[in-house]
*Asks:* 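Quick one: structure below, then a few questions.
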Amino acid sequence: MMFEKLKPYLYVTFLQFGNAGLVIIAKAALNHGMNHYTFATYRNLFATLVMAPFALVLERKTRPKLTLSIFFKIMVLGFLEPVVDQNLYYAGMQYTTATFAVAMTNIIPAMTFLMAWICRLEKVNIKKIHSIGKIVGTLVTVGGAMIMTLVVGPTIGLPWTKGSDVSQQQQTTTHVSAGDNMKGSMMIIAGCLSWSCFYIVQAITLKSYPAELSLTALICASGTLQGAIVTVIAEHGKLAAWRLQLDAGLITMIYGGVICSGLGYYLGGIIMKAKGPVFVTAFSPLSMVIVAVLGSFVLSEKLNLGRLLGAVVIVIGLYLVIWGKMKDEVPPNSKCDPDEFPQVDQHIPMTINGTRSRNQDNDRVAIEIPSTDEKFKKVNGN
């Protein structure tokens, strides 16, 4: 019982560790010339090859029928995250740093909350303090993202980066102009917006197609097809971009496909069915902390004051949203909100049996209500 309660938290923590690891190795591979178009395409191809056999075997008896409406949603899902988000996110990372890119993903919970509110997947009552907290947290989170984008400030030298080689620092961070930094920031924000839309559409799709493995395999297959089309258009005539080699790029594609796309979509769907789309995105700061530490070790990246301040503001806003979400799940004083009571059918089926005793004038009537298995007796004249 305890493990069942902890599963959503364990799953979402695993996802953040997986995402953090991908950001580190993807940044290193991009610095060594990996093409982000072919990366996204091959990543989803590997995810499809791994997840499809499990879906075919484990869900062969429970898989719902694939209708035209569900097929359209799957194509949209395959376009939003595997194509749009992955390409914009990693293209933007080339202009910034791994720490900055993962820090910007902290606006995803706020974006997801707003979309869930609009789509009525998230409860909001402005008369309640925790609902106000979720709204304020959303605004604070977006403000923190803007601070990270617009404010620079002095560089903060961490203890383990003081002895890093200057040439290595230039190679890994590739000092860019303010214009390129802004371009990268806008790409990452657009990718995060697409990622938030993906979570909302996935939550809606799971209601009509509750087969997480099959949905994951179909999303990855759709992303592979659409990503290949985009890559052919973007890299027209560049056959070298499709060539696979035994290097960091191939490891990044396999890792990203199996861990972050395959298991990521699957575990995200399980968590989403239990906790909703906002909860799935609520642990993004953990990924930021992991990348900040690993990035300074592996990539010798340094933080500046603007990014650190923006990250702190983002975390504050995010946990305001989480606090409000927790209050939604556990009402104060364990009292139910009258508005939360389920609708009750006013037409209750009853079975009425009447008997008359020979020696008594009273009528006895037994009334049975099947839903409660209780018997009520009324004696006339008493």
*Asks:* Give a yes or no answer on whether the side chain of D247 reaches the backbone of L250 with a donor-acceptor pair at less than 3.5 Å.
*Replies:* yes
*Asks:* Is there a side-chain contact between M93 and V23 in this structure, where contact means two heavy atoms from C-beta onward sitting under 4.5 Å apart?
*Replies:* yes
*Asks:* Who are the side chain to side chain donor-acceptor pair (under 3.5 Å) partners of Y199, not counting sequence neighbours?
*Replies:* W195
*Asks:* Run the numbers on I259 and L22 for side chain to side chain contact (heavy atoms under 4.5 Å, CB included), then give the verdict.
*Replies:* CA-CA 9 Å; I259 302 298; L22 177 62; over 6 Å; no
*Asks:* For L246, does the CG atom sit with more than 12 other heavy atoms under 6.0 Å from it, leaving out its own atoms?
*Replies:* no
*Asks:* Please report the shortest heavy-atom distance between A248 and T252, naming the atom on each side.
*Replies:* O-OG1, 2.7 Å
*Asks:* Does Y255 have more than 12 heavy atoms from other residues, nucleotides or ligands lying within 6.0 Å of its OH?
*Replies:* yes
*Asks:* For Y265, check ring-ring contact (aromatic ring centres under 6.0 Å, His included) against everything at least two apart and list the hits.
*Replies:* F198
*Asks:* Would you kindly confirm whether L263 and Y9 end up in one hydrophobic cluster when ILVMFWY residues are joined by side chain heavy atoms under 4.5 Å apart?
*Replies:* yes
*Asks:* Quick check against the 3.5 Å criterion: does R43 have a side-chain atom that pairs as donor or acceptor with the backbone of G256?
*Replies:* yes
*Asks:* Roughly how far, to the nearest 0.5 Å, is the CG atom of L80 from the CD1 atom of I200?
*Replies:* 11.0 Å
*Asks:* Pairs under 3.5 angstrom only: tabulate donor-acceptor contacts from the side chains of residues 212-224 to other protein residues two or more places apart or in another chain.
*Replies:*
| residue | atom | partner | partner atom | Å |
| --- | --- | --- | --- | --- |
| E212 | OE2 | K273 | NZ | 3.0 |
| S214 | OG | E59 | OE1 | 2.6 |
| S214 | OG | R63 | NE | 2.9 |
| T216 | OG1 | E212 | O | 2.8 |
| T216 | OG1 | Y266 | N | 3.3 |
| S222 | OG | Q226 | NE2 | 2.7 |
| T224 | OG1 | N44 | O | 3.2 |
| T224 | OG1 | L45 | N | 3.1 |
| T224 | OG1 | C220 | O | 2.8 |

*Asks:* Do Y89 and E81 have side-chain heavy atoms sitting under 4.5 Å apart?
*Replies:* no
*Asks:* Report yes if the side chains of F71 and Y209 come closer than 4.5 Å at any heavy-atom pair, otherwise no.
*Replies:* no
*Asks:* Measure across W323 and I129 and return the closest heavy-atom pair with its distance rounded to 0.1 Å.
*Replies:* CZ3-O, 3.8 Å
*Asks:* Is the backbone of V280 close enough, under 3.5 Å, to the side chain of K275 for a donor and an acceptor to pair up by distance?
*Replies:* no
*Asks:* Tell me, with the steps shown, if T38 and N35 meet side chain to side chain contact (heavy atoms under 4.5 Å, CB included).
*Replies:* CA-CA 6 Å; T38 53; N35 185 289; 3.3 Å; yes
*Asks:* Can you hop from I204 to L68 via hydrophobic side chains spaced under 4.5 Å?
*Replies:* no
*Asks:* Report the C-alpha separation of L88 and I188 in whole Å, then their side-chain angles, then the decisive distance to 0.1 Å, and conclude whether the side chain to side chain contact (heavy atoms under 4.5 Å, CB included) test is met.
*Replies:* CA-CA 6 Å; L88 287 178; I188 294 174; over 6 Å; no
*Asks:* Quick one: closest heavy-atom pair of S196 and M111, and the distance?
*Replies:* OG-CB, 3.2 Å
*Asks:* Compare every heavy atom of V83 with every heavy atom of G78, then report the nearest pair and how far apart it is.
*Replies:* O-CG2, 3.4 Å
*Asks:* With hydrophobic residues grouped by side-chain heavy-atom distances under 4.5 Å, do L193 and L139 end up in a single group?
*Replies:* no
*Asks:* Report yes or no: does T96 contribute a side-chain atom to a donor-acceptor pair with the main-chain N or O of G92 at less than 3.5 Å?
*Replies:* yes
*Asks:* Does L77 belong to the same Ile/Leu/Val/Met/Phe/Trp/Tyr cluster as L66, with side-chain heavy atoms less than 4.5 Å apart forming each link?
*Replies:* yes
*Asks:* Taking only residues at least two apart or on different chains, which pairs with a member in residues 132-143 satisfy salt bridge (charged side-chain N to carboxylate O under 4.0 Å, His left out)?
*Replies:* E122-K134, K134-D328
*Asks:* Could you give the distance from CZ (R243) to NZ (K238), rounded to the nearest 0.5 Å?
*Replies:* 13.5 Å
*Asks:* Please examine the side chains of M51 and T48, heavy atoms only from C-beta on, and report whether any two atoms are closer than 4.5 Å.
*Replies:* no
*Asks:* Do I108 and T105 have side chains that approach each other closer than 4.5 Å (heavy atoms only, starting at C-beta)?
*Replies:* yes
*Asks:* Should L244 and W242 be regarded as members of a common hydrophobic cluster, given that ILVMFWY residues are connected when their side-chain heavy atoms come within less than 4.5 Å of each other, either directly or indirectly?
*Replies:* yes
*Asks:* As an exercise, state the distance from OG1 of T112 to CD1 of I107, rounded to the nearest 0.5 Å.
*Replies:* 9.5 Å
*Asks:* Sub-3.5 Å donor-acceptor pair from the side chain of S208 to the main-chain atoms of T205, do we have one?
*Replies:* yes
*Asks:* Quick one: closest heavy-atom pair of A26 and Y90, and the distance?
*Replies:* CB-CE2, 3.6 Å
*Asks:* To the nearest 0.5 Å, what is the distance between CD1 (I229) and CG (L225)?
*Replies:* 4.5 Å
*Asks:* M186 versus I189: any side-chain heavy-atom pair under 4.5 Å?
*Replies:* yes
*Asks:* Report the C-alpha separation of Y42 and Y37 in whole Å, then their side-chain angles, then the decisive distance to 0.1 Å, and conclude whether the ring-ring contact (aromatic ring centres under 6.0 Å, His included) test is met.
*Replies:* CA-CA 9 Å; Y42 280 126; Y37 290 110; over 10 Å; no
*Asks:* Could you give me the CA-CA distance, side-chain angles and deciding distance for S261 and Q86, then say whether side chain to side chain contact (heavy atoms under 4.5 Å, CB included) is met?
*Replies:* CA-CA 10 Å; S261 291; Q86 291 179 22; 3.8 Å; yes
*Asks:* Looking at every non-hydrogen atom in both residues, tell me the closest pair between I270 and Y11 and how far apart they are.
*Replies:* CG2-CE1, 4.2 Å
*Asks:* Using the side chain to side chain donor-acceptor pair (under 3.5 Å) criterion, which residues pair with T231? Sequence neighbours excluded.
*Replies:* T41
*Asks:* Any chance you could measure Q94, atom CD, to M34, atom CE, to the nearest 0.5 Å?
*Replies:* 8.0 Å
*Asks:* Show me the pairs that pass salt bridge (charged side-chain N to carboxylate O under 4.0 Å, His left out) and involve residues 10-24, at least two apart or across chains.
*Replies:* none
